[in-house]
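Heads up: the structure comes next, in structure tokens.
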Amino acid sequence: AVQRFLRSTDRGQLIEQIASAEHELESAKAKGRSDKLLRSIEDKLETLKQRLANYDKAEENRELLAAEIDRIEQKVNAISEMSISTRDAS
């Protein structure tokens with residue numbers, strides 16, 4: 001699920017969308033747009049920032065999972081090798 005999420009989400013695109021929304025918000029403020037419009041743009045900006053945070057957390061989780069899988073594989077290899085060594089010594 002983490003891999004699928006990371007493949008379907010483009011971090012660079014999120015960053016571009018955040019910059020665009022920030023520009024859109026500043027422009028709307030400068031033009032004296034309605035509070036309703038400003039709140040809408042602010043909410044969009046906050047949602048984009050949350051999506052970026054979710055992406056970064058998912059990437060961190062993926063890295064942790066990969067490290068844990070590697071660690072467990074090494075443990076299994078070590079146990080297998082110890083088992084072979086013990087049988088050979090008998």
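The first residue in the sequence is number 1, and the count goes up from there. Quick note: numbers below take in every heavy atom, side chains included, and nothing from hydrogens, waters or symmetry partners.
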Only pairs under 3.5 Å count here: list side-chain donor-acceptor contacts from residues 9-21, not counting sequence neighbours, and write none if there are none.
unit_1 : atom_1 : unit_2 : atom_2 : d
Thr9   : OG1    : Phe5   : O      : 3.0
Asp10  : OD1    : Gly12  : N      : 2.9
Asp10  : OD1    : Gln13  : N      : 3.2
Arg11  : NE     : Asp56  : OD1    : 2.7
Arg11  : NH2    : Asp56  : OD1    : 3.4
Arg11  : NH2    : Asp56  : OD2    : 3.2

Can you give the donor-acceptor pairs under 3.5 Å from side chains of residues 36-43 to other protein atoms, not counting sequence neighbours?
none

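Applying the salt bridge (Lys or Arg N to Asp or Glu O under 4.0 Å) rule to Glu60 yields the partners Lys57; only residues at least two apart in sequence or on another chain are considered. Arg71 meets the salt bridge (Lys or Arg N to Asp or Glu O under 4.0 Å) test with Glu68; sequence neighbours excluded. Residues passing the salt bridge (Lys or Arg N to Asp or Glu O under 4.0 Å) test with Arg62 are Glu59, sequence neighbours excluded. Remark: Glu24 engages Lys44 in a salt bridge (Lys or Arg N to Asp or Glu O under 4.0 Å) (not counting sequence neighbours).
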Going through the checks in order, is the side chain to side chain contact (heavy atoms under 4.5 Å, CB included) test met by Leu25 and Glu22? CA-CA 5 Å; Leu25 180 60; Glu22 288 172 340; 5.7 Å; no
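Note: Ile84 CD1 to Ile79 CD1 = 12.5 Å, rounded to the nearest 0.5 Å. Atom CZ of Arg4 and atom OG of Ser8 lie 8.5 Å apart (nearest 0.5 Å).
Pairs engaging residues 74-83 under the side-chain hydrogen bond (donor to acceptor under 3.5 Å, both in side chains) rule: none recorded [sequence neighbours left out].
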